[in-house]
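The structure appears right after this line, and notes come after that.
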Amino acid sequence: MVKKGITGLFEDYLTKEPLFLDKEVLQANYTPDNIPHRDDQITQIAKILAPALRLNKPSNLFVYGKTGTGKTLSVRHTTNHILEVSKKNKIPVKVFYINCKLKRVADTEYRLIAQLAREFGKAVPPTGLPTDEVYKIFYNAIDHNKQVVLLILDEIDQLVKKAGDEILYNLTRINSELKNAQISVVGISNDLVFTDNLDPRVKSSLSEEELVFPPYNALQIQDILNQRAKVAFRDGILRSGVIEKCAAYAAKEHGDARRALELLRIAGELAERSNELHVEIEHLDLAEEKIERDRMVDIVSTQPKQFQAVLYSIYAISETRKGNISTGEVYDVYKSICNRTALRPLTQRRLSDILAELDMLGIINAKVISKGRYGRTKEISLATQPSIEPKIRSILKNDLGLA
DNA sequence: GTCAATTCACATGAAAGAGACCACGGTCTAGTG
DNA sequence: CTAGACCGTGGTCTCTTTCATGTGAATTGACGA
């Protein structure tokens with residue numbers, strides 16, 4: 001009975017006309033052949049990096065722009081072409097793309113250099129070696145041949161925030177010690193004021209050239225969506241207005257094209273799952289809610305126990321009363337929760353940092369305010385939408401063993 | 001009424017410790033011929 | 001004689017604690033109008 005039902009479902013699924021032609025086009029890691037509205041930037045990058053093809057060291061380049069403005073895409077696009085040409089003409093150019101945000105890959109000095117050395121085929125243990133040892137391995141590997149190395153550091157602000165700017169100093173200085181090879185750094189950052197806090201020496205050598213990616217406006221996002229949707233969906237699947245609405249959503253969020261594409265993809269999936277023949281505007285609303293919910297659930301359930309305990313305290317307080325919550329209040333409740341769950345309570349100092357991190361994750365809002373005579377504290381409130389709060393609460397309860 | 005000093009309740013920074021993970025080199029042990 | 005097991009040392013990395021210092025405005029209290 002059940003078996004037949006499921007088989008039937010699968011058969012239905014097969015016979016049904018799919019909404020999607022090629023869903024991959026809407027995925028985040030998809031690299032399209034042409035990138036609309038970024039021609040200027042791409043030619044600029046190309047001009048700056050072109051000397052690599054003559055085995056001269058290109059200027060270091062620094063690219064800023066908010067998320068989803070096509071920075072990474074444009075840089076990769078350009079470097080791919082450089083690689084293509086260099087391969088055809090047998091020019092020893094190497095391009096390394098490293099995302100500094102990836103945990104446990106390249107978020108510290110040691111790991112970044114180790115990762116680079118690994119790209120050169122050297123085995124480097126994940127830990128245990130002195131950092132300068134790894135530098136040496138890397139030097140030797142890179143200086144072995146005459147070549148130009150383009151090092152693309154994506155989300156470089158994250159790296160500097162965690163590990164300091166010494167790495168960048170070392171990297172930009174490396175050239176004077178290399179005999180054969182030359183290395184150029186392309187830094188990509190979401191943070192527009194990131195270089196302000198940099199050591200001036202690093203700043204001047206890293207940003208020999210700078211490029212700013214402005215956010216897309218709604219029309220441009222529409223263009224991008226249209227172009228991709230043409231490939232992704234079958235004809236006539238999207239109701240009119242869907243693209244426009246989608247673009248409007250994204251334009252509101254500082255022109256994030258990535259988000260717009262994700263929204264469109266999820267909306268399509270939702271429509272498909274509920275056996276609809278078209279993607280309606282309502283699906284966009286559902287999709288947005290789903291994205292938000294999935295993101296929250298994912299973040300909350302992957303947090304360490306202590307973070308969950310803190311978050312649970314905040315939920316517990318907000319359940320009993322309305323309004324903003326102070327740090328001290330959270331700490332009291334948190335301690336009692338630690339008691340109940342046999343968790344070792346942390347100090348208030350640590351709790352303060354945890355609150356700041358939860359704020360960064362967007363689960364809570366924490367704003368430092370001064371209440372004059374009555375001290376200074378964080379004003380904390382939940383940032384989650386009420387509709388998903390019960391879900392999060394139950395996740396926390398489960399994970400903390402408070403059922 | 002005005003103005004500087006005070007005071008609260010934390011925020012924020014810096015440094016250092018604990019404990020996990022790991023490589024490397026030396027020493028010991030057991031197995032092999 | 002040699003391969004493998006087993007230490008001790010020294011390194012990184014993350015999470016915490018400890019200690020120290022900073023901070024913004026309501027409140028206080030002195031002062032003069």
* Looking at A/Ala247 and A/Leu225, what are the two nearest heavy atoms and their distance? -> N-CD1, 3.9 Å
* Roughly, in whole Å, what's the span from CD in A/Gln303 to P in C/dT14? -> 15 Å
* Counterpart residues, ring-ring contact (aromatic ring centres under 6.0 Å, His included), relative to A/His77 (two or more places apart) -> A/His81
* Between A/Arg393 and A/Glu319, is the closest basic N to carboxylate O distance under 4.0 Å? -> yes
* Name every residue in residues 306-343 of chain A that has at least one heavy atom under 4.0 Å from any atom of DNA chain C, in order of residue number, or write none if there are no such residues. => A/Gln306
* Asked: Any side-chain donor paired with an acceptor under 3.5 Å for A/Thr377 and A/Lys371?
  -> no
* **Presence of salt bridge, A/Arg321 and A/Glu329, under 4.0 angstrom** => yes
* Asked: Crowded around A/Lys66 NZ? As in, over 12 foreign heavy atoms under 6.0 Å?
  -> no
* Above 12 or not: heavy atoms from other molecules or residues under 6.0 Å from CD of A/Glu357? -> yes
* Asked: Do A/Lys71 and A/Asn190 have side-chain atoms, one donor and one acceptor, less than 3.5 Å apart?
  -> yes
* DNA chain B-proximal residues of residues 344-379 of chain A, any heavy atom under 4.0 Å -> A/Gln348, A/Arg349, A/Ser352, A/Val368, A/Gly372, A/Arg373, A/Tyr374, A/Gly375, A/Arg376, A/Thr377, A/Lys378
* Value in whole Å for how far the P atom of B/dC10 lies from CD1 of A/Ile380 -> 10 Å
* Using whole Å, report how far OH of A/Tyr110 lies from P of C/dG10. => 17 Å
